[in-house]
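This report refers to the structure that appears directly beneath it.
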Amino acid sequence: MSNLLARTGRDRQRYDNNFRLVSGCIPYRVVKDEDDSSVDFENKLQVLMVSSPNRHDLVFPKGGWEDDETVLEAASREAMEEAGVKGILREEPLGVWEFRSKSSSAEPDCCLGGCKGYMFALEVTEELATWPEHENRERRWLNVKEALELCRYEWMQCALEEFLRVMAEDGRGKEETLAASSLSNREERQIGSSVLLCS
């Protein structure tokens with residue numbers, strides 16, 4: 001059993017013009033395949049989804065953004081409470097999506113306008129064996145294509161597509177930096193060796 005407890009209730013919940021503010025993340029890892037360097041970046045990415053309590057659909061960790069925390073702290077907390085993961089949170093949000101919560105029909109006064117969800121990318125560095133909601137949730141690592149097919153909510157599919165775009169840009173940026181660094185090192189070696197040859 002986890003000695004950490006999940007927050008419950010809505011006493012500290014933030015709202016913005018009848019929208020309940022929600023923060024969450026797409027936990028991910030890059031799978032290193034040493035045998036095949038030709039595998040494209042998308043196929044090296046895996047994302048973590050969790051089951052919803054009392055249902056079998058899969059979602060990304062998310063929950064209410066409370067008034068005693070930043071939006072980043074809320075996303076990190078939800079990842080730990082719902083999925084049992086910790087990691088490095090990308091500070092720039094993937095985006096903000098408005099959606100209707102399935103629980104809002106049971107609580108009509110809670111969020112008349114629905115929810116406004118801020119989603120972030122979280123590079124997972126630690127998976128906990130137990131976590132606050134482990135008895136109610138299963139976690140599952142999926143490739144991006146599987147996750148897109150299993151996303152129950154359209155707004156989560158949009159967040160995942162944006163995540164993929166951002167990660168691809170980051171991947172290209174890193175490849176360009178590595179290529180430039182490699183070229184720069186080769187030029188330095190050539191200059192250095194020609195200096196050695198000339199002296």
Side-chain angles (χ1 to χ4, degrees), residues 2 6 22-65 71-72 74-103 114-175:
S2 175
V22 169
S23 185
C25 64
I26 298 179
Y28 74 94
R29 65 185 178 192
V30 179
V31 179
K32 295 178 177 51
D33 186 357
E34 295 164 18
D35 295 338
D36 188 5
S37 59
S38 66
V39 174
D40 66 355
F41 186 67
E42 181 179 334
N43 289 322
K44 292 181 181 179
L45 278 176
Q46 288 187 336
V47 295
L48 184 66
M49 299 186 81
V50 294
S51 61
S52 298
N54 306 318
R55 295 200 309 262
H56 294 292
D57 60 331
L58 296 175
V59 295
F60 293 111
K62 62 151 183 55
W65 171 15
V71 69
L72 294 168
S76 294
R77 175 179 52 76
E78 290 296 336
M80 188 277 301
E81 287 180 358
E82 294 188 358
V85 292
K86 296 180 179 182
I88 302 164
L89 197 66
R90 181 185 181 91
E91 292 187 11
E92 189 69 31
L94 296 168
V96 180
W97 286 269
E98 292 180 3
F99 59 94
R100 284 258 174 231
S101 170
K102 295 298 176 196
S103 62
C115 296
K116 188 183 289 186
Y118 294 77
M119 292 296 284
F120 299 86
L122 176 80
E123 182 180 4
V124 174
T125 57
E126 183 180 359
E127 275 186 75
L128 305 174
T130 60
W131 62 97
E133 297 184 20
H134 78 276
E135 292 180 2
N136 298 324
R137 295 185 186 269
E138 293 179 20
R139 57 185 175 196
R140 198 164 148 201
W141 285 103
L142 303 161
N143 67 39
V144 174
K145 184 178 178 186
E146 291 170 324
L148 277 168
E149 290 172 4
L150 292 171
C151 268
R152 175 180 173 158
Y153 304 110
E154 185 178 346
W155 76 271
M156 280 194 180
Q157 290 173 343
C158 293
L160 185 54
E161 288 167 356
E162 182 61 16
F163 163 79
L164 190 56
R165 187 192 67 73
V166 167
M167 297 306 293
E169 278 183 10
D170 277 2
R172 279 195 295 276
K174 288 176 185 170
E175 287 171 11

Is the number of heavy atoms from other residues, nucleotides or ligands under 6.0 Å of E138 CD greater than 12?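 Open.
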Taking atom CZ of R140 as the centre, does the number of heavy atoms from other residues, nucleotides or ligands within less than 6.0 Å exceed 12?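 Open.
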Side-chain touch L122/R90, heavy atoms, less than 4.5 angstrom: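 The answer is no, as the side chains (C-beta and beyond) never meet within the 4.5 Å cut-off.
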Taking the side chain as everything from C-beta on, heavy atoms only, tell me whether V59 gets closer than 4.5 Å to Y153.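 When only atoms from C-beta onward are counted, Y153 and V59 do touch, with a gap below 4.5 Å.
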If we ignore angles and hydrogens, is there a donor and acceptor under 3.5 Å between the side chains of W97 and E154?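 Distance-only check fails for W97 and E154.
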For V71, does its backbone N or O pair with a side-chain atom of S23 as donor and acceptor, under 3.5 Å?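 Answer holds: yes.
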Counting only N and O atoms by type, is there a donor-acceptor contact under 3.5 Å from the side chain of R139 to the main-chain atoms of V50?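 No, the answer is negative, given that no donor and acceptor are paired below the 3.5 Å cut-off.
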Could you walk me through whether E82 and R77 pass salt bridge (charged side-chain N to carboxylate O under 4.0 Å, His left out), step by step? CA-CA 8 Å; E82 294 188 358; R77 175 179 52 76; over 6 Å; no
V31 vs W141, side-chain contact (heavy atoms from CB on, under 4.5 Å): CA-CA, chis, key distance, verdict: CA-CA 11 Å; V31 179; W141 285 103; over 6 Å; no
CD on E127 to CG on L48, rounded to 0.5 Å: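 Reported value, rounded in 0.5 Å steps: 6.5 Å.
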Looking at R137 and E81, is there a salt bridge between them, counting it only when a charged N and a carboxylate O are closer than 4.0 Å?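 Between R137 and E81 there is no salt bridge, as every charged N stays at least 4.0 Å from the carboxylate O atoms.
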Using the rule given for salt bridge (charged side-chain N to carboxylate O under 4.0 Å, His left out), can you reason through R165 versus E161, listing the C-alpha separation, both sets of side-chain angles and the distance that settles it, and then say yes or no? CA-CA 6 Å; R165 187 192 67 73; E161 288 167 356; over 6 Å; no
Please evaluate residues F163 and Y28 with respect to the criterion ring-ring contact (aromatic ring centres under 6.0 Å, His included), reporting the C-alpha separation (whole Å), side-chain torsions for both, the decisive distance (0.1 Å), and the verdict. CA-CA 10 Å; F163 163 79; Y28 74 94; 5.4 Å; yes
